[in-house]
Amino acid sequence: MDTILLCGGHMDDPFVLDCIENISPDCIIGIDRGLEFCYRNQIVPQYILGDFDSIRPEVIGWYREQKEIPIREYKPEKDATDTRMGLELALKLGSDRIFLLGATGGRLDHYMGNLQSLVVPAMAGKEAWILDEQNAMTVLSRSRTIKKECAFGKYISFFSMGDEVRGITLSGFKYPLKDYDMTNFDGIGVSNELAEDTALVEFRQGFLLMVMSKDK
């Protein structure tokens, strides 16, 4: 099951609409200000959630009138972000792949919170991506093969999403690694490139943030 989360960050409408068409999700969850994108593009999500403190009253009012859409409303004073709660809902619904759109840009604290939230589906053995026009980001919980024809952009970087990722081996990359222990203040994984048609990312323990990037 593929699920798209439409979040409250920066939205490039053509890019997001193209992602929705290509992914053809089973479920769309509109999250707080992400409903502004839904409203102007006439998208009716399967679920809506948020505290709705950053959305125009007429927009949330229109969606409240659509009685067939479940709306989960939270107080602004809460212990988790709207995006984190959207991820947890997607997992509860049985999603195997989750795509976060509108999860970058704007406030840096929200962006960092969204990046950290990618660990939640990784811990559940599911795949989740943050996508924008220039980047595709995911957290790996196990080794992965990467095909150059499927890569998002020229550059690929790796960061530890915990204290340490142990035993990283990068094969088929311009800058290979062999059995390397990466800490969360390590910069060795920044700005690598694929050197072969198929590359392999291997590691023994930890959660590894993978960022694929295009030039502007």
Side-chain angles (χ1 to χ4, degrees), residues 1-52 54-55 59-60 62-64 66-74 78-106 110-142 144 150 152 161 207-212:
M1 177 178 172
D2 288 348
T3 297
I4 284 180
L5 273 57
L6 297 175
C7 307
H10 167 70
M11 288 274 200
D12 178 81
D13 282 23
F15 173 80
V16 174
L17 290 170
D18 188 55
C19 286
I20 292 173
E21 181 179 356
N22 290 334
I23 295 169
S24 187
D26 303 286
C27 179
I28 293 177
I29 300 175
I31 299 177
D32 204 78
R33 198 168 61 180
L35 283 178
E36 296 276 0
F37 168 85
C38 295
Y39 187 74
R40 66 177 176 264
N41 289 286
Q42 300 180 325
I43 293 173
V44 178
Q46 280 69 50
Y47 293 87
I48 291 171
L49 64 82
D51 52 35
F52 310 124
S54 57
I55 186 172
V59 173
I60 187 59
W62 187 87
Y63 282 102
R64 290 191 196 280
Q66 316 309 307
K67 302 300 184 182
E68 73 278 9
I69 308 175
I71 297 178
R72 302 187 178 197
E73 186 167 359
Y74 305 93
K78 54 188 184 300
D79 294 330
T81 65
D82 293 334
T83 300
R84 173 65 175 268
M85 291 186 291
L87 271 171
E88 290 176 351
L89 173 58
L91 290 170
K92 185 176 180 180
L93 293 171
S95 303
D96 299 300
R97 297 196 305 168
I98 306 168
F99 301 89
L100 285 70
L101 303 171
T104 61
H110 285 173
Y111 176 41
M112 292 298 295
N114 292 340
L115 276 180
Q116 289 182 330
S117 291
L118 290 178
V119 176
V120 175
M123 291 177 66
K126 306 298 182 181
E127 186 175 339
W129 291 84
I130 291 177
L131 304 176
D132 63 25
E133 308 94 281
Q134 195 172 356
N135 307 283
M137 296 159 274
T138 191
V139 169
L140 305 178
S141 60
R142 55 184 177 271
R144 187 185 185 102
C150 300
F152 187 99
M161 286 297 282
F207 293 98
L208 187 66
L209 173 64
M210 180 173 71
V211 182
M212 296 182 176

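We use all heavy atoms of the structure for the numbers below, so side chains are in, but hydrogens, waters and symmetry mates are not. For the single chain, residues carry numbers from 1 onward in sequence order.
Across all their heavy atoms, Thr138 and Ala128 have their closest contact at OG1-O, 2.6 Å. The heavy-atom pair separating Asp132 from Phe15 by the smallest distance is O-CZ, 3.0 Å. For the residue pair Gly86 and Leu5, the shortest heavy atom distance occurs at C-CD2, 3.6 Å. The shortest heavy-atom contact between Ile71 and Tyr63 is CD1-O, 3.9 Å. Minimum heavy-atom separation, Asp51 to Glu73: O-OE2, 4.4 Å.
With values rounded to the nearest 0.5 angstrom, Ile69 atom CD1 is found 4.5 Å from Ile48 atom CD1. His110 contributes atom NE2, which lies 11.0 Å from atom OG of Ser117 (distance to the nearest 0.5 angstrom). With rounding to the nearest 0.5 Å, the separation of CZ in Arg64 from NZ in Lys67 is 9.0 Å. Ile60 contributes atom CD1, which lies 10.0 Å from atom CD of Glu36 (distance to the nearest 0.5 angstrom). Of the inter-residue distances, the one linking Cys19 atom SG with Ile4 atom CD1 reads 7.0 Å to the nearest 0.5 angstrom.
Side-chain contact between Phe37 and Leu101 is absent, with no heavy-atom pair separated by less than 4.5 Å. Between Pro45 and Leu6, every side-chain heavy-atom pair lies at or beyond the 4.5 Å cut-off. For the pair Trp62 and Leu35, the minimum side-chain heavy-atom distance is 4.5 Å or more. Within the 4.5 Å cutoff, no side-chain heavy atoms of Cys7 are placed close to those of Ile130. You'll find the side chain of Met210 reaches within 4.5 Å of the side chain of Arg144, heavy atoms only. Side-chain contact check for Ile20 versus Asn41: every heavy-atom pair is 4.5 Å or farther apart.
Scored by the side-chain contact (heavy atoms from CB on, under 4.5 Å) test, Val120 finds Arg84, Leu91 as partners (sequence neighbours excluded). Under the side chain to side chain donor-acceptor pair (under 3.5 Å) criterion, Gln66 pairs with no residue, sequence neighbours left out. Under the side-chain contact (heavy atoms from CB on, under 4.5 Å) criterion, Ser95 pairs with Met1, Thr3, Ala90, Ile98, sequence neighbours left out. Considering only residues two or more places apart in sequence or on other chains, Arg142 meets the side-chain contact (heavy atoms from CB on, under 4.5 Å) condition with none of them. Qualifying side chain to side chain donor-acceptor pair (under 3.5 Å) partners for Glu133, counting only residues two or more places apart in sequence or in other chains: His10. Evaluation of the side chain to side chain donor-acceptor pair (under 3.5 Å) rule for Gln46 yields no partner, not counting sequence neighbours. Under the side chain to side chain donor-acceptor pair (under 3.5 Å) criterion, Thr83 pairs with Asn114, not counting sequence neighbours. Take Arg72 and apply the salt bridge (charged side-chain N to carboxylate O under 4.0 Å, His left out) test, not counting sequence neighbours, and it matches no residue. With sequence neighbours left out, Ser141 forms a side-chain contact (heavy atoms from CB on, under 4.5 Å) with Ala122, Phe207.
Applying the salt bridge (Lys or Arg N to Asp or Glu O under 4.0 Å) test to pairs two or more places apart or on separate chains, those with a residue in residues 5-16 are Asp13-Arg40.
Counting non-hydrogen atoms of other residues, nucleotides and ligands closer than 6.0 Å to CD of Glu68 gives a total above 12.
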- With side-chain contact (heavy atoms from CB on, under 4.5 Å) as the test, would you mind laying out the steps for Asn135 and Thr104 before giving the verdict? CA-CA 10 Å; Asn135 307 283; Thr104 61; over 6 Å; no
Quiz: residues 22-30 side-chain donor-acceptor pairs under 3.5 angstrom, not counting sequence neighbours:
unit_1	atom_1	unit_2	atom_2	d
Asn22	ND2	Asp18	O	3.3
Asn22	ND2	Asp18	OD2	3.2
Asp26	OD2	Asp2	N	2.8

